[in-house]
Number of protein chains: 2
Amino acid sequence: METRELRYFVAVAEELHFSRAAARLGIAQPPLSRAISQLERRLGGALLERNSRGVTLTDAGRVLLAEARAALDVIDAAERRTRRATGDGAEPGLVLVSKAGASTELLTKLLDAYAAEPGSVKVEVDLCGIGQQGPRLRDGRADVALLHRPFDSVDGLDSEDLLTEGQVAVLPSSHPWSTRSQLRMADLDDIPGLPPMRWPSGGGYADGPGPEVRDSMQLYQLIALGRAYALLPESARAEQHHGIVTIPVLDAPEVTTVIAWPQHSRSLALAALVRTATRL
Amino acid sequence: METRELRYFVAVAEELHFSRAAARLGIAQPPLSRAISQLERRLGGALLERNSRGVTLTDAGRVLLAEARAALDVIDAAERRTRRATGDGAEPGLVLVSKAGASTELLTKLLDAYAAEPGSVKVEVDLCGIGQQGPRLRDGRADVALLHRPFDSVDGLDSEDLLTEGQVAVLPSSHPWSTRSQLRMADLDDIPGLPPMRWPSGGGYADGPGPEVRDSMQLYQLIALGRAYALLPESARAEQHHGIVTIPVLDAPEVTTVIAWPQHSRSLALAALVRTATRL
DNA sequence: CTGGGAACATACCTGAGCGGTATCGGCGGC
DNA sequence: GCCGCCGATACCGCTCAGGTATGTTCCCAG
């Protein structure tokens with residue numbers, strides 16, 4: 001199977017319409033019909049049900065759609081990584097991606113320690129939105145990431161644990177509970193008039209009453225405005241913001257900061273960075 | 001990047017010789033040279049160093065080699081899975097892969113329980129050699145596997161734990177220790193004249209003195225012949241073989257049998273099988 | 001019932017590009 | 001210095017991807 005065929009099939013499977021798919025691909029409709037027919041003939045069965053009033057996927061078509069998307073992602077990642085390794089532009093060394101506003105202290109220490117290592121290369125830091133680190137690694141835009149289990153999935157990645165910590169509730173300082181010295185998980189279920197923050201996890205937002213946020217600034221600002229609370233790793237206390245207080249939650253699940261990288265990564269610079277991180 | 005280009009590049013990168021690579025690909029050498037040059041031009045940098053006395057990989061070439069192999073594997077898997085879903089031959093339902101000779105009892109119970117479920121499909125069982133389950137899943141020849149942590153890696157797979165158990169030492173019944181009622185890990189380091197069995201793990205055999213085995217029959221036979229001992233999960237005691245004895249090893253690391261399947265699997269039949277397994 | 005239109009398939013043509021043969025250029029060994 | 005090995009280049013033919021025109025089928029309007 002050629003990637004061209006996969007791209008064509010994905011376009012048709014997503015549009016469920018040959019002419020629209022052809023337009024999206026920048027080709028005419030007949031060659032697209034022919035390419036799909038050839039693909040079906042080669043795979044030995046129908047992928048699409050043609051109803052003369054649109055198109056639907058067969059079971060095999062659904063399988064191929066999922067597989068083809070994954071395969072195209074892998075190929076795009078391969079191209080990006082190779083192009084980055086090719087030294088065509090400025091040789092950026094390593095790209096590290098981390099949630100903006102998280103693990104600031106750990107990240108600083110890591111970068112300092114690594115820069116002090118003999119033979120270390122330049123590390124470009126990409127501070128992304130919440131939950132974007134995994135995709136950045138997988139699609140080849142980054143070499144290494146800081147993730148936070150159990151929020152971020154490490155499926156399909158290699159990783160090393162760096163730091164495990166408890167969590168604190170982050171509340172508006174105007175809130176009646178802001179003077180408490182500690183909380184329990186059960187308390188959080190019914191904070192008077194304060195819903196939990198929601199952020200992307202596993203590709204989308206969970207259902208619930210609270211506001212949706214994409215990054216830490218939104219999060220702190222919404223808390224300061226008294227619109228929600230959040231449960232964050234202890235290290236968030238190092239962040240000083242106006243209008244918020246942090247209170248330990250004794251029985252909150254622990255959060256582990258991990259350093260993660262794509263499987264079958266063979267870079268010496270990456271290995272050195274990971275080694276430095278685990279020794280912090 | 002087309003898969004044809006990736007196949008060509010992998011062939012050259014593995015052979016480090018254009019003419020041999022061309023022969024392996026079944027084409028002539030000049031088109032191969034041209035294809036690689038085009039690929040290099042498109043990626044914006046050299047992948048190979050031509051020394052007129054053979055070929056070596058550049059850093060970018062090493063990156064692309066690893067990435068291209070992974071991408072080609074994903075594409076092969078996509079094709080196999082689609083072809084299996086295409087119903088061209090007998091519709092085998094699900095293919096479950098497990099180490100031959102391991103988890104026999106669990107497997108029997110699982111298959112019986114699943115067959116009794118309403119709406120269950122036929123399950124083909126593929127009993128493979130030690131350490132072959134992961135590859136079978138990843139390359140699309142199987143839908144679901146029974147693995148044994150920590151021996152088998154679940155990297156890149158989704159999984160559910162089924163059963164955790166201790167381990168037993170399997171010794172020749174002629175061995176002086178065969179009458180002992182229990183052992184400790186420290187004892188095993190110096191069993192008089194009996195090396196530990198070695199089996200494939202992580203793609204190859206570890207170094208060591210013991211004999212190498214690929215499947216359970218070899219293993220039991222070599223133990224009965226007094227050539228090695230093995231450390232196996234307790235459930236192996238259910239296997240009755242001549243000439244061997246099993247002795248609990250009190251402080252051996254625990255082994256967890258897990259059911260695993262490819263990420264982004266969307267099959268309802270698979271979900272039902274996994275649900276059945278976790279309820280056993 | 002019939003004409004029109006929407007949508008995919010078919011027919012046929014053209015040209016890009018893949019693969020083949022012949023040959024060149026560079027380098028190391030004898 | 002000649003020969004042999006190996007990759008690059010030149011050139012050619014043919015396959016096949018992509019374009020245009022048209023066919024076939026079905027739905028729907030009137």
Side-chain angles (χ1 to χ4, degrees), chain A residues 1-62 64-65 68 71-72 75 79 86, chain B residues 1-62 64-65 68 71-72 75 79 86:
Chain A
M1 283 199 299
E2 291 303 310
T3 64
R4 183 181 57 87
E5 301 178 292
L6 295 179
R7 277 192 299 270
Y8 285 10
F9 175 74
V10 170
V12 175
E14 285 179 355
E15 299 284 346
L16 292 177
H17 194 290
F18 276 76
S19 303
R20 273 200 303 274
R24 191 174 117 186
L25 292 166
I27 64 172
Q29 170 260 317
L32 180 57
S33 283
R34 196 182 43 191
I36 301 290
S37 306
Q38 278 177 4
L39 186 59
E40 289 179 311
R41 221 171 308 131
R42 219 141 10 114
L43 291 174
L47 300 168
L48 300 166
E49 212 81 67
R50 280 83 156 175
N51 286 348
S52 114
R53 212 66 185 176
V55 172
T56 55
L57 284 168
T58 64
D59 286 344
R62 267 182 291 275
L64 184 58
L65 177 56
L72 291 174
I75 289 172
E79 185 162 343
T86 216
Chain B
M1 283 198 298
E2 292 301 311
T3 62
R4 183 182 56 87
E5 301 178 291
L6 295 179
R7 277 192 299 270
Y8 285 9
F9 176 73
V10 169
V12 176
E14 286 180 354
E15 299 284 345
L16 292 177
H17 193 290
F18 276 76
S19 302
R20 272 200 303 273
R24 189 174 118 185
L25 293 165
I27 65 171
Q29 169 259 318
L32 181 57
S33 282
R34 195 180 45 190
I36 300 291
S37 306
Q38 278 178 4
L39 186 59
E40 288 179 312
R41 221 171 307 133
R42 215 135 17 107
L43 291 174
L47 300 168
L48 300 167
E49 212 82 66
R50 280 84 155 171
N51 284 349
S52 114
R53 212 65 186 176
V55 172
T56 56
L57 285 168
T58 64
D59 286 345
R62 266 182 292 276
L64 184 59
L65 177 56
L72 291 174
I75 289 173
E79 183 162 345
T86 215

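Keep in mind that the numbers below use all heavy atoms, side chains included, and drop hydrogens, waters and symmetry copies.
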- Task: With heavy atoms under 4.0 Å as the rule, sort A:Glu2 into base, sugar-phosphate or nothing.
- Result: nothing
- Identify whether any heavy atom of A:Arg34 sits under 4.0 Å from a base atom; if not, whether one sits that close to sugar-phosphate; answer base, sugar-phosphate or nothing. base
- Task: Could you list by number each residue of residues 10-25 of chain B showing a heavy-atom separation from DNA chain C of less than 4.0 Å, or answer none if no residue does?
- Result: none
- Whether B:Arg50 side chain and B:Val55 backbone form a donor-acceptor pair below 3.5 Å: no
- Report the distance from atom CG of A:Leu48 to atom P of C:dA7, rounded to the nearest whole Å. 16 Å
- Item | Nucleotide nearest B:Arg4 (side chain, heavy atoms from C-beta), chosen from D:dG19, C:dG19, D:dT9 | C:dG19
- Item | Lys/Arg-Asp/Glu bridge criterion (N-O < 4.0 Å) met for B:Glu2, A:Arg7 | yes
- Atom-to-atom span, CD1 of B:Ile27 to P of C:dG17 - whole angstrom: 17 Å
- Please work out if B:Glu5 contacts a base, only the sugar-phosphate, or nothing of the nucleic acid, heavy-atom cut-off 4.0 Å. nothing
- Can any side-chain N or O of A:Glu40 pair as donor or acceptor with the backbone N or O of A:Leu47 at less than 3.5 Å? yes
- From C:dC8, D:dT9, D:dA17, pick the nucleotide closest to the side chain of B:Pro30? D:dT9
- When you get a sec, tell me which of C:dA9, D:dG7, C:dG19 is the closest nucleotide to the side chain of B:Tyr8? C:dG19
- Item | Between A:Thr56 and A:Glu49: side-chain donor-acceptor atoms closer than 3.5 Å | no
- Query: Got a donor-acceptor pair under 3.5 Å from the side chain of A:Gln29 to the base of C:dA7?
  - Reply: no
- Message: From CZ of A:Arg50 over to C1' of C:dA6, roughly how many Å is that when rounded to an integer?
- Response: 17 Å
- Message: Do the side chains of B:Glu15 and B:Arg24 get close enough for a salt bridge, i.e. N-O under 4.0 angstrom?
- Response: yes
- Query: Do the side chain of A:Thr86 and the main chain of B:Ala60 share a donor and acceptor less than 3.5 angstrom apart?
  - Reply: no
- Item | Rounded distance (Å) that lies between atom P of C:dC18 and atom CD1 of B:Ile36 | 12 Å
- Note on the structure: Per atom distances to the A:Ala28 side chain, the nearest of C:dT21, C:dA9, D:dT20 is D:dT20
- Task: Measure from CG on A:Leu47 to C1' on C:dC8 and round the result to the nearest Å.
- Result: 16 Å
- Could you tell me whether A:Arg42 and B:Glu79 make a salt bridge, using a distance below 4.0 angstrom between a side-chain N and a carboxylate O? no
- Whole angstrom value for the distance that separates P of D:dG18 from CD of A:Gln38: 10 Å
